[in-house]
Amino acid sequence: MNLNKAEFVIGATAPKSFVRDGLPQIAFAGRSNVGKSSTINALLNRKNFVRVGNAPGKTRQVNYFHIDQQLYLVDLPGYGYAKVSQAERDKWGRLMEAYFDSGLITRGVQIVDARHKPTADDITMVNWFKSTDCPFVVVANKLDKLKKSEIEPNLKQIRQVLELDDDVVVLPFSAEKRQGVEELRQIIFGQKGLNH
Ligand code: GDP
């Protein structure tokens, strides 16, 4: 798969705009500012393909990126930003429920902050991934901000708080330092001759 062949397709603001063409959809979820855009850019080896540092809470759409005509990376709207109105929050919830219920997700990528205990919203998202029965991976981003001695306990805490089965990978990751990128590519795109 040629990761250089990536293009933005559509930002769906309502379920009728979800892409339903049968290609795999890899869904990325995470709290605003956790580094979701940076993670997708790191995967694609791009600097600012997905805009980093977007105004938090402003992107209320499900963004589809078509990769080499073979699959979609689906950037779900970030959550957990305090200054978002209840009406906006409700709209987000309805859109997410529709997407998770759609049966369109092939694989999930839940991004959490390696420094902190997962939030209630993180737990909600992971429960949604669990409910789809599709495989998902938890990416513990911003690892570069941890002391070495903090890494193991924090990863363990993430696994415990999110109540993950043993077969769910919690991947130590830093979008900034490009740590864990190759491992995440393997998980998402598989082994077959990556060209990037
Ligand atoms: P998003 O809102 O989840 O899409 O987050 P962004 O990708 O826009 O990143 C939010 C902020 O966190 C930006 O200032 C990034 O530079 C920073 N950031 C993202 N990933 C990392 C990382 O692995 N380490 C560090 N130190 N900062 C990061």
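Whatever order the structure lists ligands and atoms in, that order sets their numbers, starting from 1.
Under the 4.5 Å side-chain criterion, counting only non-hydrogen atoms from C-beta, Leu76 is in contact with Val74.
Atoms of ligand 1 found under 4.0 Å from any heavy atom of Ser174 (numbered from 1 in listed order, with element): 23 (O).
By the 3.5 Å distance cut-off applied to N or O atoms, Glu176 is counted among the residues near ligand 1. Remark: ligand 1 and Arg51 share no N or O pair separated by less than 3.5 Å (distance only, no angle test). Polar contact with ligand 1: absent for Leu143 (N/O pair, distance under 3.5 Å). For ligand 1, the polar-atom distance check against Ala175 finds a nitrogen or oxygen pair separated by under 3.5 Å. In terms of N/O distances under 3.5 Å, ligand 1 is not approached by Lys177.
Taking each of Asp75, Asn141, Val52, Asn33 in turn, the one with a heavy atom nearest to atom 21 (C) of ligand 1 proves to be Asn141.
Heavy atoms of Arg31 found under 4.0 angstrom from ligand 1 belong exclusively to the backbone.
Using a 4.0 Å cut-off between charged side-chain N and carboxylate O, Glu97 and Arg94 make no salt bridge.
Phe129 is linked by a ring-ring contact (aromatic ring centres under 6.0 Å, His included) to Phe100, Phe136, counting only residues two or more places apart in sequence or in another chain.
At least one donor-acceptor pair under 3.5 Å links the side chain of Asn41 to the backbone N or O of Val50.
In terms of heavy-atom proximity, Met125 sits nearest to Ala29 at CE-CB, 3.5 Å.
For the ring-ring contact (aromatic ring centres under 6.0 Å, His included) condition, no pair includes a residue of residues 169-188, sequence neighbours left out.
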